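We name chains A, B, ... by the order of the sequence lines, and we start the count at 1 in each one. For clarity, every value in this text was computed on a predicted model and none was experimentally measured.
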Number of protein chains: 2
Amino acid sequence: MSESANRKPTLAVVGATGAVGSVMLGILSEREDVWGEIRLVASARSAGKVLRVRGEDVVVRALAPEVFDGVDVAMFDVPDEVSAEWAPIAVEHGAVAVDNSGAFRMDPDVPLVVPEVNGAAARNRPKGIISNPNCTTLTMMDALGALHARWRLTELVVASYQAASGAGQPGVDRLYDELEVVAGDRALGQRAGDVAEAVAAKLGADSPFPAPLALNVVPVAGSLKDGGWTSEELKVRNESRKILGIPGLRVSATCVRVPVQTTHSLAVHATFAEEITVGEARAALEAAPSVEVRDDLAAGVFPTPAGTVGGDPTVVGRLRQALDFPNTLDLFVCGDNLRKGAALNTAQIAELVAAELTA
Amino acid sequence: MSESANRKPTLAVVGATGAVGSVMLGILSEREDVWGEIRLVASARSAGKVLRVRGEDVVVRALAPEVFDGVDVAMFDVPDEVSAEWAPIAVEHGAVAVDNSGAFRMDPDVPLVVPEVNGAAARNRPKGIISNPNCTTLTMMDALGALHARWRLTELVVASYQAASGAGQPGVDRLYDELEVVAGDRALGQRAGDVAEAVAAKLGADSPFPAPLALNVVPVAGSLKDGGWTSEELKVRNESRKILGIPGLRVSATCVRVPVQTTHSLAVHATFAEEITVGEARAALEAAPSVEVRDDLAAGVFPTPAGTVGGDPTVVGRLRQALDFPNTLDLFVCGDNLRKGAALNTAQIAELVAAELTA
């Protein structure tokens with residue numbers, strides 16, 4: 001699979017028509033162009049659609065083994081079971097698979113990569129597959145990676161404020177549909193169940209979320225696992241450990257959906273092995289790649305999802321030294337869950353592989 | 001100030017026309033009626049208004065020393081500086097003042113009371129003043145008080161999801177005004193600053209919140225204090241210590257406003273001196289007064305603000321044993337910030353005093 005340095009590698013984007021796929025096409029069009037052919041792939045239902053990437057129209061092809069012929073890197077943004085079946089097929093056809101599903105993330109033979117944090121891990125891929133982390137975990141990895149490198153992270157207590165687009169386009173549509181229902185009636189929101197009743201009456205009970213999201217927050221994301229934990233909460237724990245290379249990292253996460261369109265936010269309480277000050281932490285974060293510090297509350301400067309969405313960097317602020325916990329920093333982090341949390345990080349991993357193949 | 005058992009005490013409600021005041025009139029009308037006369041008091045601007053309480057019309061009187069003549073208990077829900085001036089005047093006129101401002105909460109001569117947790121403290125009031133806790137702190141006190149009584153709380157890491165009505169009626173109005181702006185334009189929410197721009201263009205920049213609240217979360221509540229902490233975050237720490245009687249309780253809080261009308265939610269990571277299990281904790285919470293357990297994720301049962309608002313109990317769920325922290329429970333708590341978080345707890349404290357006066 002060695003490549004000559006003068007041929008640009010071929011990329012396949014599997015799941016090109018989804019919420020993350022759409023953002024991916026924009027990202028591929030904006031970034032330095034390392035790709036030769038870009039092949040767009042989706043389910044048979046979407047085959048034949050024409051999408052624009054790098055200023056050119058590309059016809060979407062149906063997922064089939066032969067679409068991977070001659071492909072060097074295949075990105076997957078599809079459900080777990082589709083990745084589980086098709087990423088190995090892409091590998092059999094000679095591609096490196098970069099997968100954004102949960103299918104392979106905890107497989108010890110599959111690296112889980114955030115390029116700024118553990119980019120070198122991408123080279124060691126016994127199965128030919130590299131996993132892209134869960135969007136909630138990814139939101140804080142660039143910032144925590146920079147802090148861990150110097151002060152050695154030991155504990156994380158995290159509460160999330162996750163956007164509707166984490167549930168894909170149906171999540172975004174449902175949020176706006178619900179906002180339209182509640183915006184017109186100011187008497188809603190005063191009695192338990194009124195919002196749920198009004199929303200169900202107009203939109204039906206079928207929703208990507210297990211409770212109304214408008215005028216509400218929903219402390220459930222993902223599926224129920226042992227001990228009352230959700231899959232999302234366990235991903236934050238297990239993926240943080242794997243990416244940062246801290247098998248014994250102590251983590252508790254509570255994952256909560258909020259009525260925000262796109263960009264996840266996290267309240268992070270991070271404890272380190274060594275003494276850390278706000279000033280030193282701020283300097284380390286300012287020097288970190290892909291991190292932007294907005295931390296001047298007196299001047300009205302702090303991170304919010306509505307002020308972060310659409311951008312590449314993780315935005316970090318509200319840096320505080322914990323008053324009662326040694327070596328501990330409290331902070332607030334916002335990151336676009338469709339960009340760094342998904343498409344951007346996948347594109348960055350794919351570019352690492354492209355650089356390796358053409359080196 | 002001793003009362004004969006056959007005369008019902010006189011109550012003054014100062015701040016009767018505010019957001020909390022309105023809820024208070026409803027609560028006074030619903031609860032067992034321990035009061036003789038109920039006098040409604042507000043600023044000169046609101047004097048002369050007629051409000052309904054216990055099914056009767058009552059004319060609002062302007063705040064002045066003589067309105068406290070013959071008053072046994074005076075509740076205050078007014079800004080800190082108004083309480084600081086007027087609660088002592090009420091006391092001089094013979095009343096016990098129950099104050100919901102921040103003016104006296106940390107005064108060592110003023111008890112800070114949650115009746116279910118430290119009701120006995122209300123009897124020891126050298127200044128004649130009893131303080132009602134901050135609404136964010138109050139949201140979790142009934143639940144944590146019940147757990148502390150058995151397992152002895154040592155550490156709290158808290159992230160809040162605070163409702164617009166914590167900023168009073170202007171906060172609620174602003175939230176709905178903003179929701180009307182964003183509900184009509186689904187292109188908003190995709191680029192940084194678009195929501196802020198649209199909202200400012202239609203509503204002006206003058207808001208009770210330092211950033212848009214619609215389609216956003218705002219990690220700022222209260223004012224800026226030392227070390228980058230907000231007043232709200234320090235209240236959670238200092239008031240929890242005082243109410244629970246644990247001067248050395250270790251607390252980190254991050255306080256975040258969310259686009260919910262009423263009911264604060266908290267993600268709580270609570271560590272105890274003794275081993276605690278989810279089963280035992282659930283049983284203790286189910287037995288606790290003013291706590292309702294909604295904790296069966298498999299059946300879709302969990303706390304949300306939209307499912308809690310308008311009710312009296314604190315709703316607790318998402319109980320999980322921390323996987324990596326000994327003696328630690330993660331949980332999610334919702335409480336109506338205008339009821340238990342303000343008016344209801346104030347009414348309960350006033351009733352304790354009434355019972356004492358008529359005993």
Side-chain angles (χ1 to χ4, degrees), chain A residues 157 159 161 176 179-180 182-183 186 189-193 195-196 210-212 215-220 224 227-230 237 250-252 254 256 258-262 265 267 269 278 297-298 300 302-311 317-325 328 330 332, chain B residues 157 159 161 176 179-180 182-183 186 189-193 195-196 210-212 215-220 224 227-230 237 250-252 254 256 258-262 265 267 269 278 297-298 300 302-311 317-325 328 330 332:
Chain A
V157 182
Y161 303 72
Y176 278 105
L179 287 178
E180 280 188 23
V182 305
R186 297 189 178 212
Q190 292 176 34
R191 280 194 329 183
V195 168
L215 290 178
N216 206 15
V217 304
V218 181
V220 184
L224 176 60
W229 294 91
T230 63
R237 173 176 182 257
R250 295 184 283 283
V251 183
S252 268
T254 298
V256 181
V258 296
V260 165
Q261 196 219 6
T262 297
S265 305
H269 176 83
V278 165
L297 202 49
F302 51 84
T304 65
T308 299
V309 61
R318 296 300 326 280
L319 295 176
R320 290 151 290 157
Q321 189 131 28
L323 295 169
D324 305 317
F325 298 85
T328 300
D330 287 276
F332 197 75
Chain B
V157 181
Y161 303 72
Y176 279 106
L179 287 178
E180 280 189 22
V182 304
R186 297 188 179 213
Q190 292 176 31
R191 280 194 330 182
V195 168
L215 289 179
N216 206 15
V217 305
V218 181
V220 184
L224 176 60
W229 295 90
T230 63
R237 173 177 181 255
R250 294 185 283 282
V251 183
S252 267
T254 298
V256 180
V258 295
V260 165
Q261 195 218 10
T262 296
S265 304
H269 176 82
V278 165
L297 203 48
F302 51 85
T304 66
T308 299
V309 61
R318 294 301 326 279
L319 294 177
R320 290 151 290 157
Q321 190 130 26
L323 295 169
D324 305 317
F325 298 84
T328 300
D330 287 277
F332 198 75

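The most heavy-atom pairs under 4.5 Å with chain A, out of Ala159(B), Pro219(B), Gly307(B), come from Pro219(B). Chain B forms the most heavy-atom pairs under 4.5 Å with one residue out of Val258(A), Val182(A), Thr328(A), Val251(A), and that residue is Val251(A). Counting heavy-atom pairs closer than 4.5 Å to chain A, the top residue among Asn216(B), Leu179(B), Val260(B) is Asn216(B). In terms of non-hydrogen atom pairs under 4.5 Å with chain B, the most contact-rich of Arg250(A), Gln261(A), Arg186(A) is Arg186(A). For the set Pro303(A), Gly317(A), Ala306(A), Gly228(A), the entry with the most heavy-atom pairs within less than 4.5 Å of chain B is Ala306(A). Counting heavy-atom pairs closer than 4.5 Å to chain B, the top-ranked of the candidates Ser252(A), Gly227(A), Gly310(A) is Ser252(A). Looking only at heavy-atom pairs under 4.5 Å with chain B, the residue among Thr262(A), Thr230(A), Val256(A) that has the most is Val256(A). When Trp229(A), Phe302(A), Phe332(A) are compared by the number of non-hydrogen pairs under 4.5 Å with chain B, Trp229(A) comes out ahead. For the set Pro259(B), Ala267(B), Gly311(B), the entry with the most heavy-atom pairs within less than 4.5 Å of chain A is Pro259(B).
For Thr308(A), there are no side chain to side chain donor-acceptor pair (under 3.5 Å) partners two or more places apart in sequence or in a different chain. By the ring pair (Phe, Tyr, Trp, His ring centres under 6.0 Å) test, Tyr176(A) pairs with no residue at all, sequence neighbours left out.
Distance check: Leu215(A) CG to Thr304(B) OG1 gives 11.5 Å after rounding to the nearest 0.5 Å.
Proximity to chain A is absent for every atom of Pro212(B), based on heavy atoms less than 4.5 angstrom apart. Contact annotation for Val217(B): both backbone and side-chain heavy atoms come within less than 4.5 Å of a heavy atom of chain A. Interface residue Gln321(B): only backbone heavy atoms are found under 4.5 Å from chain A. Within the 4.5 angstrom heavy-atom criterion, atoms from both the backbone and the side chain of Arg320(B) approach chain A. Of the atoms belonging to Ala322(B), heavy atoms from both backbone and side chain fall under 4.5 Å from chain A. At a 4.5 Å heavy-atom cutoff, the contact between Ala298(A) and chain B is made by backbone and side-chain atoms alike.
Contact between Arg318(B) and Leu297(B) at its shortest, heavy atoms only, is NE-CD2, 3.7 Å. Here the closest non-hydrogen pair linking Val309(A) and Gln190(B) is CG2-O, 3.5 Å.
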Please assess Phe325(B) against Asp330(B) for the test side-chain contact (heavy atoms from CB on, under 4.5 Å), listing each intermediate value before the final yes or no.
CA-CA 10 Å; Phe325(B) 298 84; Asp330(B) 287 277; 5.8 Å; no

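Between Tyr161(A) and Tyr161(B), the ring planes lie parallel to each other; the angle is under 30°, not in the 30° to 60° tilted range.
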